[in-house]
Protein chains: 4
Amino acid sequence: MSSQRKIETVERKQQLTDVALSQFALNGYHKTAVSDVVKEAGVSQGTFYWYFRSKEESALYIIEEGKRELLKVLEQGYRNEEATVEEMLLETNRLFYDFFTFAEENRNLMILLLIKGVGADTPIHKAASETFTAIEKASQRNLERARELNLLPQNMDVSIQSTLITNMVIGTISSWLFGPNLDINYKPDVSAEKMATSAAMLGFYGITGY
Amino acid sequence: MSSQRKIETVERKQQLTDVALSQFALNGYHKTAVSDVVKEAGVSQGTFYWYFRSKEESALYIIEEGKRELLKVLEQGYRNEEATVEEMLLETNRLFYDFFTFAEENRNLMILLLIKGVGADTPIHKAASETFTAIEKASQRNLERARELNLLPQNMDVSIQSTLITNMVIGTISSWLFGPNLDINYKPDVSAEKMATSAAMLGFYGITGY
Amino acid sequence: MSSQRKIETVERKQQLTDVALSQFALNGYHKTAVSDVVKEAGVSQGTFYWYFRSKEESALYIIEEGKRELLKVLEQGYRNEEATVEEMLLETNRLFYDFFTFAEENRNLMILLLIKGVGADTPIHKAASETFTAIEKASQRNLERARELNLLPQNMDVSIQSTLITNMVIGTISSWLFGPNLDINYKPDVSAEKMATSAAMLGFYGITGY
Amino acid sequence: MSSQRKIETVERKQQLTDVALSQFALNGYHKTAVSDVVKEAGVSQGTFYWYFRSKEESALYIIEEGKRELLKVLEQGYRNEEATVEEMLLETNRLFYDFFTFAEENRNLMILLLIKGVGADTPIHKAASETFTAIEKASQRNLERARELNLLPQNMDVSIQSTLITNMVIGTISSWLFGPNLDINYKPDVSAEKMATSAAMLGFYGITGY
DNA sequence: CATGAATGAGGCTTCATTCAT
DNA sequence: TATGAATGAAGCCTCATTCAT
């Protein structure tokens, strides 16, 4: 009846997590019923509740896990002590590239984390938002340090800048990966590398600097 | 049994629209029940269905109306033939300012249009997405014209630039107005003017250009 | 907005009756909403309730009116004093013919009276049933008189016979006029005359008597 | 809160089917609410939807099952190669008797299948109609064979005859079992045997042949 | 006579969750 | 661990009916 063969019990939770994530990503949190998830996973309703206390908890679990992975990637940024703007641009470029690549390889997670979590209930939504905040914080730290190193003008408002840049990057990931309609099946027509470079360049030099 | 009948007649639909919008904005489309809306509006459940064929139609109506209003504001941008980068920056600044101001004055609409529509069903979400697309299109048109006027470097990829800038602006509006948690009750701590200027500056000159 | 031109007030009730009948016939009593009726009639909800106390009353009114008309036709039967079986067959033939013709000319009424009334509420259904009973009674009277005149065998059970014949005729009208699926738009492929003759013949001589 | 859980398991669907059928038969499809059914069955509303996808599906299920049972009975008819009219009459008599007996033992099903299905929605009504069609087809087949065997006049219109006879039988079952008002609680005052014989006789020899 | 906005009960269905097995 | 039947609270929507104008 069910298609899976002898799923090891340890893998069961991961399987449910994967299925749930893909359905959350495809249809949104509210429109995804636990019954849909277990149907696709080939297990019974009760099993779901053996691994998760509730539907909400499953989403929270997914988001927390994803957030951890994402931040791991992002925290590798700016670890060197740059000395020139060019070096800093290079580092930023690399960071963006890692971000875009991670996003490309974790589409489902990304859409839930950055977008679809919005439609969910407050706790879920909050968890998703924290990802954003974390990214913004990192960005701000980096800008501050750069300014201390005299790599950037002293009169800039670092807080606003980091907000602007973070939103640019995150929003761009959304429309790049999922198109204008946030369609999970959209196929990007530009490479992660190109996007990362463009974003870094715009952030550093603006549209006039090309 | 009922305490109010035919109190306002013509304004009833607007009242329901307002209440629905504020609840969609506060709790999201799915979590808002028609029964919640009518309760706050002080009318019976049936009355809602006198004015709207369905809950979905009411959201669509709100979005379509809002989209029209917003685009009206945005289409006023770049109507002059700029001759220098400085003039163009000024125009952009003004456009962003109008946008940020409109957003500030239409918080509920904004959160639905730009964000919360995401969690809703496809038709609603699609309608909301069109707003984004319209903004991006306008941005792209403007950049193209500027390039033709030799105000911008010829080697830039206009399509990507407009995506980046649009996402920066829209994303920034979100976090400026609603904070990192997209809280409808968040109070911005920076003026619309400052945000608009910052965004325009970043877009034109990047972080290095301050 | 509405398509009718200056309906005289006296005709209004008839108009509503007609529209209601056609919708009851097409969709059945329960599936027909008062709002459907008034929409097609081009009047407001309130108007309906000026002419009828309730939806049920409107159906009752239609049925009573129709019943009266139908029975008027049927009561013309067997008014002569037949002397032979052939004469009686002729008379029966004529009666059936009148019945089938009336049915053909009053499709909507017929389907409500004989069939669709069944799905309605008890009072309506009861009213419709009375038509059946009236027909059966008439049939029984006729058979009894024929037996008294020695036109028929003395050992027959008149009550059962009239039930059988009435059911044959009424059921046949249904399937003749509306086809096996009781489709109001079905077109009969046999003439009323042929049907009437066949029914009369079968009733008199059975399948062996052709 | 709830007093019964998993009491019978396998028989739950049958129980729901039985209750639903009896209520459909008593009050008609539209007037029967799912809430009525589950109340009588002593289960929760949700349980109904565990066994049936919808109210409509439950009616369809009942009808399909009933149709199968009924046709099983009817298809036993005329299996022998009759040689004389008398033998054929005997066979017909037996068939009618089986039909009347089945009807008597399945009152609820019968009223839904032959009558009350009419008031329901199209799919249900269609399913019920097919029963009628099946019976008529069988009747026609039998008549045709009899004519080929020279047991019946060659000039008869078999199609019309079978329509007439089928309607007679079915209509008669209705009024015999449920009385003129189609009352589910009506008690027949004539035996199935007597009815079957009368119907067969009338069909074969007409009212004159007694 | 006529309108049409308003009511509110009630119907069908979904779904997160529980729990005996 | 796993099942799947069962629960019951909502949710969306329909519709007969009322009534101020």
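Chain naming here is simple, since letters A, B, ... match the order of the sequence lines and numbering starts at 1 in each. All values reported here derive from a predicted model rather than from experimental measurement.
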Phosphate contact ([N] OP1 or OP2) by [X] side-chain N/O below 4.0 Å:
X: C:T47; N: E:dC1; answer: no
X: A:W50; N: F:dT1; answer: no
X: A:S44; N: F:dG4; answer: no
X: D:R12; N: F:dA5; answer: no
X: B:Y49; N: E:dT7; answer: no

**Asked** Where are the stems of DNA chain E, defined as at least 3 consecutive Watson-Crick or wobble G-U pairs with both distances under 3.5 Å?
**Response** E:2-21 with F:2-21
**Request:** Rounded to the nearest 0.5 Å, what's the gap from CD on B:E40 to CG on B:L16? Could you check?
**Result:** 10.5 Å
**Asked** Base, sugar-phosphate, or nothing for A:S58, non-hydrogen atoms under 4.0 angstrom?
**Response** nothing
**Request:** For E:dC1 and F:dT21, measure between their C1' atoms and round to the nearest Å.
**Result:** 13 Å
**Message:** Ignoring hydrogens, what is the shortest heavy-atom contact between B:K13 and B:Y61? Give both atom names and the distance.
**Reply:** CE-CZ, 3.7 Å
**Request:** Indicate, yes or no, whether a donor-acceptor pair under 3.5 Å links the base of E:dT17 to the side chain of A:Q45.
**Result:** yes
**Asked** Given that A:A33 and D:T32 both sit by DNA chain E, which one's nearest nucleotide is further toward the 5' end?
**Response** D:T32
**Asked** Quick one: side chain to side chain donor-acceptor pair (under 3.5 Å) partners of A:D121, sequence neighbours excluded?
**Response** A:H30
